[in-house]
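Here the structure comes first, spelled out in structure tokens, and everything after it is commentary.
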Amino acid sequence: MAVRVRLLGGFDVDGRKDSDVGSRKGRTVLKLLAVADGAVVSVDLIAHQLWGDDLPASPSDQVGVLVSRLRRVFGSHRIARSGAGYLLEADWVDVRELRKLAAAAADAQAAGRFGVAGAAARQALDLCRGPLLPDEDGEWIERERSAVNAIVSQVRRVAVDAAVSSGDHSSAASMAEQALAWDPYDEVVLRSLMNAHLVAGRPASALAAYARTRRRIAEDLGVPPTAETEALHGLALVAADGDAAEAYALTPGPQR
């Protein structure tokens, strides 16, 4: 039976109930291996995540017991011993698919194939049910979660830029709003949102988006917007004053 693992928005193995996987510690082992996605996870790391500083007398043996139980569920070939650790042979992992689609979207965007870029980006975003393993905490998952969040932010930028480049400014604005909800400090997305509103003849909406993000940045980070954002804000003010032709002529396209 194929092993398909979902980590975004919560842990799930397709076709398996929670009770099939076993105990909480067994699920933790499987999560660690799934996040590593084919890389070896050391027994020491697994033991630390399971017991912290309160290690049992023989942590390697205890980890081995948990792995044996998982092998009975998924097959011995699925969880292999390698050196000082274990690795999971999964057929599909949503984070792996996210990375693949993100790379395809970025490559298509760089080649000017905006339709392909937008399609790949939307497929990637469909995988994002939520943060990576939201019920887990600790340094190991925070590091991985930050890396995944960076990929998601980049995919959202590509999706917005692809919509802008194809002239679909309504979709660009909608996706940019969603991207800012994901990362409220992303000024690249803010500029794409403002640009979409300006080209669509909505300078007031561009100014409102600027004001919301500027307030968040000032209150949370204590810094002003970048010069690029301020320049686009100036164009939005010109458009709001009625000199739309000049503003639209100067409005830049999607920025990096």
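Keep in mind it's a predicted model, so treat the numbers as computed, not measured.
With rounding to the nearest 0.5 Å, the separation of CG in Asp186 from CD in Gln154 is 9.0 Å. With rounding to the nearest 0.5 angstrom, the CZ atom of Arg6 is 12.0 Å from the CZ atom of Phe11. The structure places CZ of Arg191 at 12.0 Å from CG of Leu193, a figure rounded to the nearest 0.5 Å. The distance from the CG atom of Leu190 to the CD atom of Glu228 is 12.0 Å, given to the nearest 0.5 Å. Taking CG from Leu32 and CG from Leu87, the interatomic distance works out to 13.0 Å, rounded to the nearest 0.5 Å. A distance of 5.5 Å separates CG of Leu30 from CG of Leu70, quoted to the nearest 0.5 Å.
Linking ILVMFWY side-chain heavy atoms closer than 4.5 Å, directly or via other members, places Trp182 and Leu8 in a single hydrophobic cluster. Taking hydrophobic clusters as Ile, Leu, Val, Met, Phe, Trp and Tyr residues chained together by side-chain heavy-atom distances below 4.5 Å, Leu125 shares a cluster with Leu7. Cluster annotation: Leu127 and Ile151 are assigned to the same hydrophobic cluster (Ile/Leu/Val/Met/Phe/Trp/Tyr, side-chain heavy-atom contacts under 4.5 Å, transitive). The hydrophobic cluster containing Leu88 also contains Leu98, counting ILVMFWY residues as joined when their side-chain heavy atoms lie under 4.5 angstrom apart, directly or transitively.
Nearest approach of Asp161 to Ser192, heavy atoms of both residues: OD1-OG, 3.2 Å. Here the closest heavy-atom approach between residue Ala240 and residue Pro203 is recorded as N-CB, 3.8 Å. Here the closest heavy-atom approach between residue Ala196 and residue Ala172 is recorded as CB-CB, 4.1 Å. Across Ala179 and Val189, no two heavy atoms sit closer than the pair CB-CG1, 3.6 Å. Closest of all the heavy-atom pairs between Val116 and Ala108 is CG1-CB, 3.8 Å. Across every non-hydrogen atom of Ala206 and Ala236, the tightest pair is CB-CB, 4.3 Å.
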Self-check item: From CA spacing to verdict: side chain to side chain contact (heavy atoms under 4.5 Å, CB included), Val188, Ser153
Solution: CA-CA 10 Å; Val188 174; Ser153 292; over 6 Å; no
Self-check item: Stepwise side chain to side chain contact (heavy atoms under 4.5 Å, CB included) test for Leu101 and Val155
Solution: CA-CA 9 Å; Leu101 289 167; Val155 168; over 6 Å; no
Self-check item: Phe114/Val164 under side chain to side chain contact (heavy atoms under 4.5 Å, CB included): CA gap, chis, key distance, verdict
Solution: CA-CA 9 Å; Phe114 299 112; Val164 170; over 6 Å; no
Quiz item: After noting the C-alpha distance and the side-chain angles of Arg156 and Val152, does the key distance pass the side chain to side chain contact (heavy atoms under 4.5 Å, CB included) rule?
Solution: CA-CA 6 Å; Arg156 290 187 183 279; Val152 174; 3.7 Å; yes
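Not one N or O on the side chain of Asp91 forms a donor-acceptor pair closer than 3.5 Å with the backbone of Arg4. Looking at Gln62, its side chain never comes within 3.5 Å of a backbone N or O of Pro56 through a donor-acceptor pair. With Arg145 contributing its side chain and Pro131 its backbone, the two residues share no donor-acceptor pair below 3.5 Å.
Ion pairing between Lys31 and Asp135 holds under the 4.0 Å rule for side-chain N and carboxylate O.
For Arg78, the CZ atom sits in a packed shell: over 12 heavy atoms of surrounding residues, nucleotides or ligands are nearer than 6.0 Å.
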Atom pairs and distances, donor-acceptor, side-chain atoms in residues 43-55, under 3.5 Å, two or more places apart:
from: Gln49; atom 1: OE1; to: Trp140; atom 2: NE1; distance (Å): 3.1

Which side-chain N or O atoms in residues 214-222 pair as donor and acceptor under 3.5 Å with protein atoms at least two apart or in another chain?
from: Arg214; atom 1: NE; to: Tyr210; atom 2: OH; distance (Å): 3.1
from: Asp220; atom 1: OD2; to: Tyr185; atom 2: OH; distance (Å): 2.7

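Annotation: ring pair (Phe, Tyr, Trp, His ring centres under 6.0 Å) contacts of Tyr86 (sequence neighbours excluded): none. Arg71 pairs by the salt bridge (charged side-chain N to carboxylate O under 4.0 Å, His left out) definition with nothing, not counting sequence neighbours. Under the salt bridge (charged side-chain N to carboxylate O under 4.0 Å, His left out) criterion, Arg122 pairs with no residue at all, not counting sequence neighbours. Applying the side-chain hydrogen bond (donor to acceptor under 3.5 Å, both in side chains) rule to Arg212 yields the partners Glu177; only residues at least two apart in sequence or on another chain are considered.
Between Val29 and Lys25 there is no side-chain heavy-atom pair separated by less than 4.5 Å.
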